[in-house]
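Worksheet for the structure shown next.
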Amino acid sequence: MNQFGVIVRSFSNSAAVNSAIKNVTIIGGGLMGSGIAQVTAQAGQNVTLVDVNSDILAKSQKSINNSLGRIAKKIYKDNPQEGEKFAREASERIKTATDPVAAVKDTDLVIEAIVENLDVKHALFQKLDNAAPAHTIFASNTSSLSINDISSVVKRKDRFGGLHFFNPVPVMRLLEVVRGGETTDSTFDTMMQWGKSIGKTCVACKDTPGFIVNRLLVPYMAEALRLLERGDASARDIDIAMKLGAGYPMGPIELLDYVGLDTTKFILDGWNKNYPDQPLFKPIPILNKLVAEGKLGVKTGEGFYKYDKK
Ligand SMILES: CCCCCCCCCCCCCC(=O)CC(=O)SCCNC(=O)CCNC(=O)[C@H](O)C(C)(C)COP(=O)(O)OP(=O)(O)OC[C@H]1O[C@@H](n2cnc3c(N)ncnc32)[C@H](O)[C@@H]1OP(=O)(O)O
Ligand SMILES: NC(=O)C1=CN([C@@H]2O[C@H](COP(=O)(O)OP(=O)(O)OC[C@H]3O[C@@H](n4cnc5c(N)ncnc54)[C@H](O)[C@@H]3O)[C@@H](O)[C@H]2O)C=CC1
């Protein structure tokens, strides 16, 4: 298996990691859900991608096909026909749906990637808990919420955990596998095994705020925004400094646009509510203004920077 989770035919099949999971339902067809659907389908599993908004599903299918094309070109550079077949077959493994309850009737794993709002996630999981088979594992891709808080509304707390992916999912190799307070060893092992089966490098983490990566990344990004807010440096200079001075592939302000400013605001507002004494998490007027204007970053064509609309 290569870094894209693709079993290349010329490789020995022993390189493949087997997983008990065959059918995966991903709820939320935005930035993250579409990437998770793609890497799961690339690994040969059946995917149902669910969103409340059918226009978003159509947009996701387009971006998945585009990304599959880029990956196929890279893996099968000497065999374009095989590349086309790989992209077509992966794309065909992804079905779309708008009703989450019907979509979990015959699934082994549900991964939730909807908006970063605890109440909305609770309403979803409560519905799914009654509809999914008993063996089905539930996971959340949350960036900033507690897995125990999210799972508090379901009966299957033993079959609930965190599967935290990184953006862009088809490129970023890490998967944080998060053990909630009641996650059993068997559930956790299945999640780890599944992560490997889709070609990710898995790290284990307890249900601690920000898990590993965001615990370190968010204070860094917060300080970047505070620098900008105080007028100590421009967005462009902050980004150039961190790329050329610290070797990051993107500067922190660019990365906020890439993550999505709506998602960033959800994270910040949630942490400000939970940690009211932490000055780092106080509202950021420029962020609130951009979100109110619908300037959500790369996905809307403008955030801190302007982008060509695709
Ligand atoms: C005051 C309080 C403030 C609080 C602030 C709160 C902040 C909240 C922040 C936390 C957000 C939470 C987010 C989260 O939970 C976790 C995350 O995901 S964090 C984000 C992690 N991601 C990164 O850090 C990305 C960093 N960037 C990169 O690695 C690169 O820039 C990137 C790969 C995105 C693009 O590379 P670049 O060289 O710039 O561009 P190219 O277009 O040339 O691409 C390079 C290479 O990759 C291939 N590629 C890119 N995208 C895709 C894709 N979608 N599908 C397939 N392939 C893709 C492309 O083809 C290139 O391949 P080559 O072989 O090099 O041609
Ligand atoms: N954007 C990022 O870089 C990362 C985000 N995350 C997390 O992933 C989750 C999703 O984030 P994004 O994909 O960025 O958001 P997004 O806004 O791109 O996508 C969310 C999607 O969920 C849909 N949705 C909302 N409520 C729904 C419901 N009840 N049922 C079905 N679909 C529903 C929306 O229509 C939207 O398409 C969040 O929890 C976020 O914190 C995790 C890692 C990185």
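Note that ligands are numbered from 1 as they come in the structure, with each ligand's atoms numbered from 1 the same way. Positions are given from 1, in the same order as the sequence printed here. Since this is a predicted model, take the numbers as computed values, not measurements.
Note: no N/O pair closer than 3.5 Å links Arg226 and ligand 1 by distance alone. Among the atoms of Thr264, none of the N or O lies under 3.5 angstrom from an N or O of ligand 1. Considering both main-chain and side-chain atoms, Tyr258 never comes within under 3.5 Å of ligand 1 through any nitrogen or oxygen pair.
The aromatic rings of Tyr76 and Phe86 sit tilted relative to each other, their planes meeting at an angle between 30° and 60°. Between Phe138 and Phe160, the ring planes lie perpendicular to each other; the angle is over 60°, past the 30° to 60° tilted range.
Taking 4.5 Å as the limit, some side-chain heavy atom of Glu254 sits within range of a side-chain heavy atom of Lys243. You'll find the side chain of Arg70 stays beyond 4.5 Å of the side chain of Lys73, heavy atoms only.
With rounding to the nearest 0.5 Å, the separation of NZ in Lys200 from CG in Leu174 is 9.0 Å. Here the OG1-CE distance, from Thr190 to Met192, works out to 11.5 Å after rounding to the nearest 0.5 Å. Note that the NZ atom of Lys62 and the OG atom of Ser34 stand 13.0 Å from one another [nearest 0.5 Å]. A distance of 7.0 Å separates CG of Leu225 from CG of Leu287, quoted to the nearest 0.5 Å.
Numbered from 1 in the order shown, with element, the atoms of ligand 1 that lie under 4.0 Å from a heavy atom of Met221 read 9 (C). Near Leu217, meaning under 4.0 Å from any of its heavy atoms, are these atoms of ligand 1: 19 (S). Taking every heavy atom of Leu280 and a limit of under 4.0 angstrom, the matching atoms of ligand 1 come to 1 (C), 2 (C). Using a 4.0 Å cut-off to heavy atoms of Met172, the atoms of ligand 1 that qualify are 21 (C), 22 (N), 23 (C). If you number the atoms of ligand 1 from 1 as listed, the ones under 4.0 Å from a heavy atom of Phe166 come out as 16 (C), 17 (C), 18 (O). Ligand-side atoms of ligand 1 in range of Asn167: 18 (O), 20 (C), 21 (C), 22 (N), 23 (C), 25 (C), range being under 4.0 angstrom from any heavy atom. Shown in contact with Ala222 at under 4.0 Å from a heavy atom are these atoms of ligand 1, numbered in order with element: 1 (C), 2 (C), 3 (C). Of all the atoms in ligand 1, the ones that sit under 4.0 Å from a non-hydrogen atom of Leu256 are 7 (C).
Pairs of residues two or more places apart, or lying in two chains, that qualify as ring-ring contact (aromatic ring centres under 6.0 Å, His included) and include a residue from residues 277-304 are Trp271-Phe281.
Arg226 and Glu223 are not joined by a salt bridge, as no carboxylate oxygen comes within less than 4.0 angstrom of a charged side-chain nitrogen. For Asp185 and Arg179, the salt-bridge test passes: some basic side-chain N is under 4.0 Å from an acidic carboxylate O. Between Lys85 and Glu89, at least one side-chain N (NZ, or NE/NH1/NH2) sits under 4.0 Å from a carboxylate O, which counts as a salt bridge.
For ligand 2, the protein residues placed under 4.0 Å by at least one non-hydrogen atom are Ile27, Gly28, Gly30, Leu31, Met32, Asp51, Val52, Ile56, Ala113, Ile114, Glu116, Lys121, Asn141, Thr142, Ser143, His164, Phe165, Asn167, Val259, Thr263, Lys299.
Checking Gln45 against Thr40 by side-chain atom types alone, no donor-acceptor pair falls below 3.5 Å.
Of the options Ile71, Leu174, Leu287, Asn214, the smallest heavy-atom separation from atom 14 (C) of ligand 1 is shown by Asn214.
Using a 4.0 Å cut-off between heavy atoms, Lys282 makes no contact with ligand 1 at all.
In this structure, Glu223 falls outside the shell of residues with a heavy atom less than 4.0 angstrom from ligand 1.
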